[in-house]
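In what follows, a structure is listed as structure tokens, so that the remarks can point back to it.
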Amino acid sequence: MKNMAPGSLLDPLPLFRNGFAWVIGGLSFTLTLLALLPLLAILAAIIQRGLPTLSWEVFIHLPAPVGVEGEPNGFANAIVGTLTMVGLGALFSVPLGVMTGVFLAEFAAGSAIANGVRFVTVILSSVPSVIVGVFAYGVLVITTKQFSAYAGGLALGVIMTPIIALTTEEAIKLVPIHYRLGSAALGASKWETTVKTVIPCAIPAITTGVLLAVARAAGETAPLMFTALFSQFWQEGLMAPTPSLPVLIYNYASSPFEEQNAIAWTASLVLLMLVLSINLFSRLLIRRRF
């Protein structure tokens with residue numbers, strides 16, 4: 001091998017390589033911009049059509065009857081219903097998802113059981129949400145003969161669980177090995193090391209996964225149409241049809257009445273703000289490093 005001259009590493013790159021780098025960089029920027037255009041167009045349309053009717057009244061009033069003028073028009077019941085069903089889904093999906101992720105990363109890493117559980121979890125995360133809605137319909141709605149918030153929460157929880165499990169597993173794997181070794185050197189058992197050392201270190205990333213799952217569930221429409229249905233009024237209880245923002249948007253967007261179309265755009269803007277806020281909050285959490 002020939003010896004390189006002392007200043008060869010500092011020599012400028014050939015013109016061809018500089019030109020190639022500029023072309024690839026420009027092509028990447030152009031393709032990225034093209035990929036963002038549909039998203040920007042959707043955002044612009046939602047803001048343009050939803051902002052004019054956005055007011056405090058939409059957050060505190062029920063949907064006004066069609067054809068009745070002068071009545072305040074809102075979707076407070078749909079906001080409460082969405083939060084209720086997402087909360088019900090999180091009640092069982094967060095503990096189950098976190099425990100599954102910890103099991104895969106700490107107690108069964110590399111085993112055939114872990115590979116099987118991970119495979120099923122990945123498959124479950126890619127199942128269409130309408131299939132999950134049909135499943136919850138068969139499990140709860142047909143059994144209880146009633147559309148309810150419980151059925152909607154079950155469907156959303158099934159959607160959230162694999163997301164939380166997979167993100168928890170990756171978060172646990174990011175914890176440096178010397179944390180575990182230090183805990184074991186102090187006499188801690190495997191369980192104590194996991195609970196008192198590993199999980200606290202991974203909490204920011206686990207929380208991010210939970211928030212992303214919540215954001216995903218908050219925008220689901222198909223499962224709620226099969227399970228919670230809809231209502232123009234306040235929900236009478238957890239075992240009654242429950243309104244939600246996604247179903248309200250679907251119903252009002254296809255309505256022939258202009259006032260309901262306007263409310264659909266405003267509800268879309270509110271749902272977009274909710275999901276965007278959750279995602280931004282998750283990004284702030286993930287900035288914490290181990």
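The two atoms that bring Arg216 and Ser125 nearest to each other are NH1-O, 4.4 Å, heavy atoms only. For the residue pair Gly219 and Pro246, the shortest heavy atom distance occurs at C-CG, 4.0 Å. Across every non-hydrogen atom of Ala165 and Thr121, the tightest pair is CB-CG2, 4.1 Å. Looking at every heavy atom in both residues, Val175 comes nearest to Val198 through CG2-O, 3.7 Å.
Environment of NZ in Lys196: sparse, with no more than 12 heavy atoms of neighbouring residues, nucleotides or ligands closer than 6.0 Å. A 6.0 Å sphere centred on CG of Leu181 holds more than 12 heavy atoms belonging to other residues, nucleotides or ligands. Atom CZ of Phe233 sits in a sparse spot, with 12 or fewer heavy atoms from other residues, nucleotides or ligands closer than 6.0 Å.
Here the side chains of Trp265 and Leu269 are not in contact, with every heavy-atom distance at 4.5 Å or above. Using a 4.5 Å heavy-atom cutoff, the side chains of Pro63 and Asn77 are in contact. Tyr252 has its side chain out of reach of Phe257: every pair of non-hydrogen atoms, C-beta onward, lies at least 4.5 Å apart. Using a 4.5 Å cut-off on side-chain heavy atoms (C-beta onward), Leu156 and Leu224 make contact. Residues Ile249 and Thr221 fail the side-chain proximity criterion, which asks for heavy atoms closer than 4.5 Å. With contacts defined as side-chain heavy-atom distances shorter than 4.5 Å, the pair Leu88/Leu91 qualifies. In this structure, the side chains of Thr197 and Arg180 stay at 4.5 Å or more apart for every pair of heavy atoms.
Take Glu169 and apply the salt bridge (charged side-chain N to carboxylate O under 4.0 Å, His left out) test, not counting sequence neighbours, and it matches Arg118, Lys173.
Side-chain polar atoms of Ser183 and Thr193 form a donor-acceptor pair below 3.5 angstrom. Under the 3.5 Å distance criterion, with hydrogens and angles disregarded, a donor-acceptor pair is assigned to the side chains of Thr266 and Thr53.
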